[in-house]
Amino acid sequence: MDLPPFPKPSSLEEALRLQEALAKRVRLEGSLEGVKLLAALDASHKRGKPLVAVAVLYHLERGPLFVGQGLVPEEALFPYVPGFLSFREAPAYLQALKALPEAPEALLLDGQGIAHPRGLGIASHLGVHLDLPSVGVAKSLLYGRLERPLPQEAGSAVRLLSPEGCPLGYAYRSRTGVRPLYVSPGHRVGLEEALAFVKGLPTRFRLPEPLRLAHLEAGKALKALD
DNA sequence: GCGACAG
DNA sequence: ATCTTGTCGC
């Protein structure tokens, strides 16, 4: 697939300016209905080792098809700063995507989409960068608040609102007895459509299966480094 | 000043 | 993300 370079900002101020510029390009229109081929992305890291990213090419009817991998040496990594995760992980994701035999129709990211202080979580950033539809599924909240308490029942969802009251995504209970997931559109998909897409993914445990596989593969790949 | 803070 | 033991529960 087509992979524009992902420059590393030399400062947080530069990264901030970049986010503000790119956030203007995010589009929240579109449905993922009919999408069959997606790439689920996750990363694993341990100090002293490279950051490992994996892209699981996943077909909604055939299951996992391929696992692409990307490595970035620790010395080359942007530091982890809440709100700037994409500058740290996205370069590795681009490598992992490059290793796929076929381009996905959409991306599924471990992190926020527009539920971000500047509207550019990692799912939005990568979506805009590659001009691909993308959805963020985060395991904890970065920005925003729940409109009301989330019911315990599996499948329930409650809107995630900005401090000003604008909808950013959903808290979503994927299974009974698990902590919520935070689903927000990344790029080229609407709020409700992003949730509908995630709800349509096979989910045996807390995480949708494609992301769970990516998580497992990333952990495996990290261990296999030594 | 205090609290919050994806991975 | 990782560091970490046992422990509660299906």
Side-chain angles (χ1 to χ4, degrees), chain A residues 6 8-9 12 15-16 18-19 22-23 26 40-56 69-96 107-129 134-146 152 154 160-164 168-172 174-187 194 198 204-208 211-212 214-226:
Chain A
F6 199 89
K8 176 175 172 178
L12 219 52
L16 189 89
L18 208 43
Q19 284 186 335
L22 290 173
V26 171
L41 302 171
D42 192 26
S44 186
H45 176 67
K46 191 169 166 185
R47 16 178 208 63
K49 287 185 173 189
L51 181 126
V52 182
V54 300
V56 172
Q69 178 177 318
L71 295 176
V72 175
E74 192 168 52
E75 321 78 64
L77 290 174
F78 194 84
Y80 172 67
V81 181
F84 296 85
L85 177 66
S86 55
F87 295 103
R88 181 176 180 81
E89 297 191 343
Y93 288 148
L94 291 174
Q95 279 191 34
L107 304 177
L108 194 62
L109 272 288
D110 185 356
Q112 318 291 342
I114 62 167
H116 176 279
R118 291 161 295 281
L120 197 83
I122 189 164
S124 298
H125 195 158
L126 216 52
V128 166
H129 186 79
S134 61
V135 173
V137 176
K139 299 183 294 303
S140 63
L141 195 52
L142 170 67
Y143 182 72
R145 58 182 177 81
L146 300 201
Q152 291 297 322
L160 200 56
L161 304 178
S162 72
E164 300 74 32
L168 301 172
Y170 294 87
Y172 168 55
S174 57
R175 305 285 288 178
T176 303
V178 303
R179 285 175 299 136
L181 295 174
Y182 300 89
V183 177
S184 58
H187 182 51
V198 172
R204 298 163 56 183
F205 302 103
R206 183 187 179 214
L207 287 176
L211 269 184
R212 192 180 74 93
H215 186 76
L216 291 175
E217 289 299 325
K220 253 186 252 180
L222 181 63
K223 274 200 151 185
L225 284 184
D226 31 30

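Within every chain, numbering begins at 1; the chains are lettered A, B, ... in the order of the sequence lines, protein sequences first and strands thereafter.
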Would you mind reading off the distance between F205(A) atom CZ and dG9(C) atom P, rounded to a whole angstrom? 20 Å
R88(A) has an atom CZ; how far is it from atom C1' of dG7(B), in whole Å? 8 Å
Determine the minimum heavy-atom distance between V52(A) and A218(A), stating which atoms define it. CG1-O, 4.3 Å
Any base atoms under 4.0 Å from F84(A), or only sugar-phosphate, or nothing? Heavy atoms, all strands. base
Let me know the distance between CG of L181(A) and C1' of dG7(B), rounded to the nearest Å. 15 Å
Atom-to-atom span, CZ of R118(A) to P of dA6(B) - whole angstrom: 13 Å
In this structure, how many angstroms lie between the C1' atom of dC3(C) and the NZ atom of K223(A), rounded? 14 Å
Nucleotide of dA1(C), dT2(C), dG7(B) approaching H215(A) most closely (side-chain heavy atoms): dA1(C)
Answer with base, sugar-phosphate or nothing: what part of the nucleic acid does I122(A) contact at a heavy-atom distance below 4.0 Å? base
So does S140(A) get a side-chain nitrogen or oxygen closer than 4.0 Å to the phosphate oxygens (OP1/OP2) of dC5(B)? no
Walk me through whether R206(A) and R212(A) qualify under side-chain contact (heavy atoms from CB on, under 4.5 Å). CA-CA 8 Å; R206(A) 183 187 179 214; R212(A) 192 180 74 93; over 6 Å; no
In terms of relative ring orientation, are H125(A) and F87(A) parallel, tilted or perpendicular, with 30° and 60° separating the classes? perpendicular
Just to confirm, is there a sub-4.0 Å distance from OP1 or OP2 of dG7(B) to any side-chain nitrogen or oxygen of K139(A)? yes
Where is the tightest heavy-atom contact between A194(A) and S184(A), given as atom of each residue plus distance? CB-C, 4.4 Å
Can you tell me how far C1' of dC5(B) sits from OH of Y80(A), to the nearest Å? 6 Å
Length of the line joining L85(A):CG and dT2(C):C1', which is rounded to integer Å: 15 Å
For G136(A), report the nucleic acid contact type (base, sugar-phosphate, nothing); a contact means any heavy atom under 4.0 Å. nothing
Considering the options L222(A), L225(A), V72(A), L77(A), which one meets the side chain to side chain contact (heavy atoms under 4.5 Å, CB included) requirement together with P50(A)? L225(A)
Of the nucleotides dC5(B), dT2(C), dC3(C), which one has an atom closest to the side chain of L222(A)? dT2(C)
How many Å lie between CG on L41(A) and C1' on dG7(B), as a whole number? 13 Å
